[in-house]
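Only heavy atoms go into these numbers, but all of them, side chains included; no hydrogens, no water, no symmetry mates. Values in this document were obtained by computation on a predicted structure and should not be read as measured data. In what follows, chains carry the letters A, B, and so on, assigned in the order in which the sequence lines appear, proteins first and then strands, with residues in each chain numbered from 1.
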Amino acid sequence: MIENKEPVSRSEPQSFIEQFIAEDIKDGKNGGKIVTRFPPEPNGYLHIGHAKAICLDFGMAKKFGGKCNLRFDDTNPIKEDVEYVDSIKEDIHWLGFDWEEREYYASDYFGKLYDFAVGLIKKNLAYIDDQPADIISSQKGKPEQPGQKSPFRNRSVDENLDLFLRMNNGEFEEGSRVLRAKVDMNSPNMHMRDPIIYRIIKTPHHRTGNKWMVYPMYDFAHGQSDYFEGVTHSLCTLEFEVHRPLYDWFIDQLKTDDYRPRQIEFNRLNLTYTMMSKRKLLELVLEGKVKGWDDPRMPTLCGLRRRGYTPESVKRFVDLIGYTKVEAINDVSLLEHAIREDLNLKAPRVFGVLNPLKVIIKNYPEGEVENVELINNPEDESMGKRLVPFSREVYIEQDDFMETPPNKFFRLAPGMEVRLKGAYIIKCEGFKKDGITGAIEEVYCTYDADTRSGGNTSEKKVKGTLHWVSAQHAVDAEVRLYDRLFIHEDPSGQKDDDYRKFLNPDSLKILTGCKVEPSLGTAKPLEKFQFQRLGYFCVDSDSMETKLVFNRTVSLKDSWAKMNK
RNA sequence: UGUCCCGUGGUGUAAUUGGCAACACGUCUGAUUCUGGAUCAGAAGAGUUCAGGUUCGAGACCUGACGGGACAACCA
C-alpha cells in the first residue's frame, strides 16, 4: 500500500471532518473501519442541499476506503411515500454514487428498536406518559428554566411494560400516551428532558403497513440505526448539534463492546436567491405553482437536471463551497460558474437567434447558398467542424443592431461594419422602421466578397462579430428561458418568509419564433449545446420543437433589480 | 436571562497544527478577425469582530466582552 498516489502537497484543503476521521483512524477507533450513511426521509424530493450531504457521505467513505449506506429514515408514516423513495434513489445514482446492496430502512429496525425500548423500560429508564402533548411540552419548561417531572415518571416497570404492549396493540388513541426516556428533567439541554421516544400512529406505513401502531422518534431511531449498521461516522447538519448528547446517551445504553458511532455536524447549504425548504417546495407543487418537483425552476436535483445541469457540475460546486461549521450563504453565481465551466468543455456551439431581426444583404446573389465551416467547440478540436448554410437573408439578434449606438457599441449600426461569424464582413446601409411602433423591421447591408472567414484577402478588420442564422434554412424553435430558481431573500440579506411574494411570473418565459441553425434538426434529445453568446440549452424532447435554455444571459442580480422596479 | 455552536477581503473557503494571511467565485481594467457574459493577462479588495493575556512570535492558545445562530414538534 502506497499512500499519496499523487504528489498533492499541502495545497489540497482538508475539511475539519476529514481531519476528525483521519484522527479516529490514527487512534485505531472502531478497528480503523469507516462506514458512513446518507439518511434521507422519504417525504420529498432531493434538492441541491442534499447533494452536499451525499457528496460528503459517499466522498468520505471513498476517500478512506470505507462504505456508505443508503438508509431511508422512514419513522413517520404520515409524511412518507414510496414515490419519494424511488426518486431519491434515482437522483443519487444520477449524481454518480452507488450504495451497492446496502439499501437500508429505519423501518427494518422497528423490531430491534421496540426490543431496545422494552429493555429500557425494564431498566427503569423509560416510562409511559398519559398526559397530552401540551402538558408534556409545558412541563419541559424553557431552555433557561428547568423542567418539572411528569406525575407518571415513577410508574412501575410492569405497568409500563403492559401499557407499551397495549399501545402497540392499538388499544389507545393516537396522542393519548407516549413512551419517554428517563434522562434528566433539569438538563440545560431540552433534548435530555425525558424525550419522547415512541408515539402512537395508526396511519399505515409505506413498507410495514399496519404491523406497528407505535413508531420511534428520530432521536430514538437514528443513532441506533447507525449502530445496527456499523456506521462509524454519522455526518449531519448543524441543527442536530444539540441532539448529540442524546445520541450518545442512547448509544451508551445500547453498546456492548468498543465500537461506537460518532456524530459530526457540518453546515447546511444555503444559496442566495434560492428557497430550499422541503415544506415550501411541497406547497408549490401541491398548489400547482410549478409543474412538479422536476420543474426546471425548482432547486431539486431533478429540476436542475431538466434545467441542464450535469452531475459533474453539481459535484464540482459542492467541492468548491466546502464544509465548515459557519452558517454560510453561498452565492448562486458559483453554481452557475460550475455549470459553465463544465459545459464549455462539453457542449458544441451552435447559432441561435432568440429575437430575430432580418438582415438583407443586397449585393449577395439572390438564390445563392454557400456552406461556411464553423468550429464546434473552440476548446476541443476533436468535436470537429460543421457546415452552415449562408444566404442573402439572415437573422441576427435584435440586440445586435442599434439605430443610434452608444460609444462602445461594436455591433451593427448604420454605417458600421461587422463580421458575420464564419462568413463575411457586412456593412449596414440602411434599415426599415415601422412608422407607428418605431420597431426595426429589416436591416439592409452590403457584403464584401473578399472578406470570407479563413480567406480574408482584404485589409479589413472589424471590432464586432455577430452570430446569425440563414433565413431560408433556419429551424423554428420554441425556447424556454428560466430566469432563476426561487427567490426567498433579497440581496440586502433580509429574509422574508412569504416566498410567494418572490415568485416571479416571468421566471419561466417561452419564446416562440426563435431561429436556430438547421444542424439542430439532427440533434439527439437531451444533447446540450451553447448558443454563441446567449447561453446553454438542450433539446428537450423527441419532438425537437422545444429547446430549453437553462443558462441565460442575464445575471440573477439583474433579474432581481428588474423585478423590483 | 440557560446550554451548545460559530465570527478570516463583497461571497465561500485555506493557512503545513504558534512563523511573511493563500485560493476560488464575484468586481474592475486591458488584449483578442475563436461573441467578448468565452479565453488570456492584470488590478483592486481583509491584517483575521473587539479588548486584554501567554509567547521571541497568535488568525490559531487562555480570559472577558460584542455580534450571529441552534435548542422549548407525539417532524426529521
Contact pattern, 5' to 3', of nucleotides 65-71 of chain B - B, S or - by protein heavy atom under 4.0 Å: ----SSS
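Using a 4.0 Å heavy-atom cutoff across all strands shown, A:A328 reaches sugar-phosphate atoms only and no base atom. Residue contacts for A:N267: at a heavy-atom cut-off of 4.0 Å it reaches the sugar-phosphate backbone alone, with no base atom in range. When heavy atoms are screened at a 4.0 angstrom cut-off, A:S187 is found touching no nucleic acid atom at all. Residue contacts for A:V178: at a heavy-atom cut-off of 4.0 Å it reaches a base atom on one of the strands shown. Among the atoms of the strands shown, base atoms are found under 4.0 Å from some heavy atom of A:Q19.
Looking at the side chain of A:L334, the nearest of the listed nucleotides B:C25, B:U13, B:A73 is B:C25.
Between A:E341 and A:R316, at least one side-chain N (NZ, or NE/NH1/NH2) sits under 4.0 Å from a carboxylate O, which counts as a salt bridge. Note on A:K325 versus A:E241: salt bridge recorded, some NZ/NE/NH1/NH2 to OD/OE distance being below 4.0 Å.
For A:F266 and B:C5, the CZ to P distance is 18 Å, given to the nearest whole Å. The nearest whole Å value for the distance from the CG atom in A:D184 to the P atom in B:G2 is 18 Å.
Stem regions for RNA chain B, each three or more consecutive Watson-Crick or G-U pairs with both distances under 3.5 Å and listed by first number, read B:2-7 with B:66-71, B:10-13 with B:22-25, B:27-31 with B:39-43, B:49-53 with B:61-65.
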